[in-house]
Amino acid sequence: MKILPIHTEALRHFGYTEEEARFLYLVATHSGYCTCQQFLQFVGTKPGKRSVDFARKMVEKKHASSMEYLRHGRVFHLFSRNLYEAIGRENVRFRRVHSTEYIRTRLIALDFILRNQHFTYFESEEQKLSFFCDQLGIDKKILPYKRYSGAIKNNFSDRYFVDKFPMYYNPAASLSPVVTFSFIDPGFESMDSFRTHLDAYLNLFTNLQSLNFRYIATRDTNFERAKKVFHGTFQRLWNPDGPSGLLQYFRTRRTWDEKHYGKLSNDDIAFINEGKDRFGSQELEKLYRRWCAGEITENTMRSDSLKFRTPSEVSIIFSTVNGQAALFERHPHCAVNMPVKSSEETSFTGDFTSDFSPGWR
């Protein structure tokens, strides 16, 4: 992970040391929130005058506010517009006041990044758009986004990848590194947020040849359930006969192409539009044309469609990090000063046959 000298120099201009500037850059870019423990982890030293001076400096310069949590621990919120503007991050939403759940999520993200500085991270919305749209040629409309209303009536802006979960690749892995997406679980009781996240990214995932995914949490409580949700998402996606599957898309689209509009509901029309993004490859388009022309049967269409599924290979990794859990939980499962190694890795190739039995690990 490289931090450009122009950014550290800009932060040193506010009176910070080189190491403090580098740490603040990571906080401003990836989190907006931090603790003294995370600063000590970054600089590799023990609690003492150094961390106290750094914390006092942030607050006295009105670059950050301080909030007390359990065990008299403090979380610092980096909110200064001037500081964000100095490194070109004036449009991030980290400066705003957030919920405890959001704060926990950002602290987990920062913990993960501090422990994995050998990865190359996509730091901004612009970098991600450039990679997916310019380098990979993916249509911008299928990327996950959220629409925000402006101060002026009927004025809005679309922002992409607003979750800001770590997205990275390992530069040492291969000549063509594969991007790893992630999801951060701050302690959810259900899998609803994870399902929603996968659904938001699914159209993008289906435009990739392979997918690496990492589920990050402070404990492994939800790992088994998350694995089932992840596997199930791709089972349903590539089951031609499943709900919202390829066969339903072909049938619904043919009704539209034959101009039988009265037979279609608004949900059907929305499904067609979504299906064009999800099943829009040239190979599946040719398959659709052959099926409509009666050149192939539905059984042939089912078997042939498996050859063209994307992503053709997916893998999921589960990792636990400290996440400063002791600040929020009266009985955390692991001590706040005890680093936890990644606990599990699961990989599967996505051999989605009719009974979904082979190919899973």
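If you're wondering where the values come from, they're calculated on a predicted model, not measured in any experiment. Nothing fancy with the numbering, it's 1 onward along the sequence.
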Practice prompt. Please report the C-alpha distance between Y168 and N212 in whole Å, then the side-chain angles of each, then the deciding distance to 0.1 Å, and finally whether the side-chain hydrogen bond (donor to acceptor under 3.5 Å, both in side chains) criterion is met.
Written response: CA-CA 10 Å; Y168 63 90; N212 289 348; over 6 Å; no
Open item on the list: Test salt bridge (charged side-chain N to carboxylate O under 4.0 Å, His left out) on E224 and K227; report intermediate values, then the result.
Closed with: CA-CA 5 Å; E224 283 300 321; K227 184 195 299 185; 3.5 Å; yes
Whether [X] and [Y] hold their rings parallel, tilted or perpendicular, with breakpoints at 30° and 60°:
X	Y	value
Y121	H30	perpendicular
W238	F279	perpendicular
F161	F132	parallel
H63	F14	perpendicular
Y33	H77	parallel

Using distance only, find each side-chain donor-acceptor pair of residues 242-249 under 3.5 Å and give its atom names and separation, not counting sequence neighbours.
unit_1	atom_1	unit_2	atom_2	d
Q248	OE1	S244	N	2.7
Y249	OH	R253	NH1	3.3

Query raised in the report: Cluster partners of F156, using ILVMFWY side-chain heavy atoms under 4.5 angstrom, listed by chain and number?
Result: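 So far as hydrophobic clustering goes, F156 is joined with none.
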Strictly below 4.0 Å, N to O, side chains only: are [X] and [Y] in salt-bridge contact?
X	Y	result
E101	R104	no
R254	D257	no
K164	E123	no
E90	R81	no

_With ring-ring contact (aromatic ring centres under 6.0 Å, His included) as the criterion, how do F230 and F213 come out once you've worked through the C-alpha distance, each side chain's angles and the decisive distance to 0.1 Å?_
CA-CA 9 Å; F230 186 81; F213 198 94; 5.6 Å; yes
Could you tell me whether the side chain of [Y] reaches within less than 4.5 Å of the side chain of [X], counting heavy atoms only?
X	Y	result
M67	F76	no
W291	R251	yes
I108	N322	no
Y160	K128	no
R106	L110	no
Y69	V75	yes
L211	E313	no

- Message: I'd like to know whether CD of Q282 has more than 12 heavy-atom contacts from other residues, nucleotides or ligands below 6.0 angstrom.
- Response: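 For Q282, atom CD is not crowded (no more than 12 foreign heavy atoms under 6.0 Å).
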### R95: side-chain hydrogen bond (donor to acceptor under 3.5 Å, both in side chains) partners, not counting sequence neighbours
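By the side-chain hydrogen bond (donor to acceptor under 3.5 Å, both in side chains) rule, R95 matches no residue at all.
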By side-chain hydrogen bond (donor to acceptor under 3.5 Å, both in side chains) - contacts of R93 (at least two apart) =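 Listed in chain order: nothing, the list is empty.
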Report the C-alpha separation of D268 and S265 in whole Å, then their side-chain angles, then the decisive distance to 0.1 Å, and conclude whether the side-chain hydrogen bond (donor to acceptor under 3.5 Å, both in side chains) test is met. CA-CA 5 Å; D268 290 331; S265 65; 3.2 Å; yes
_Please enumerate all residues that pass salt bridge (charged side-chain N to carboxylate O under 4.0 Å, His left out) together with D158, with sequence neighbours excluded._
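By the salt bridge (charged side-chain N to carboxylate O under 4.0 Å, His left out) rule, D158 matches R147.
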Q. What residues, two or more places apart in sequence or in another chain, satisfy salt bridge (charged side-chain N to carboxylate O under 4.0 Å, His left out) together with R289?
A.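 Salt bridge (charged side-chain N to carboxylate O under 4.0 Å, His left out) list for R289, sorted by chain: E285.
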If you apply the rule ring-ring contact (aromatic ring centres under 6.0 Å, His included), what do you find for F194 with Y215, and how did you get there? CA-CA 9 Å; F194 186 42; Y215 190 100; 5.0 Å; yes
Inset, instruction - Apply salt bridge (charged side-chain N to carboxylate O under 4.0 Å, His left out) to the pair K57 and E20, showing each step before the final yes or no. - result: CA-CA 10 Å; K57 190 185 300 184; E20 290 171 347; 2.8 Å; yes
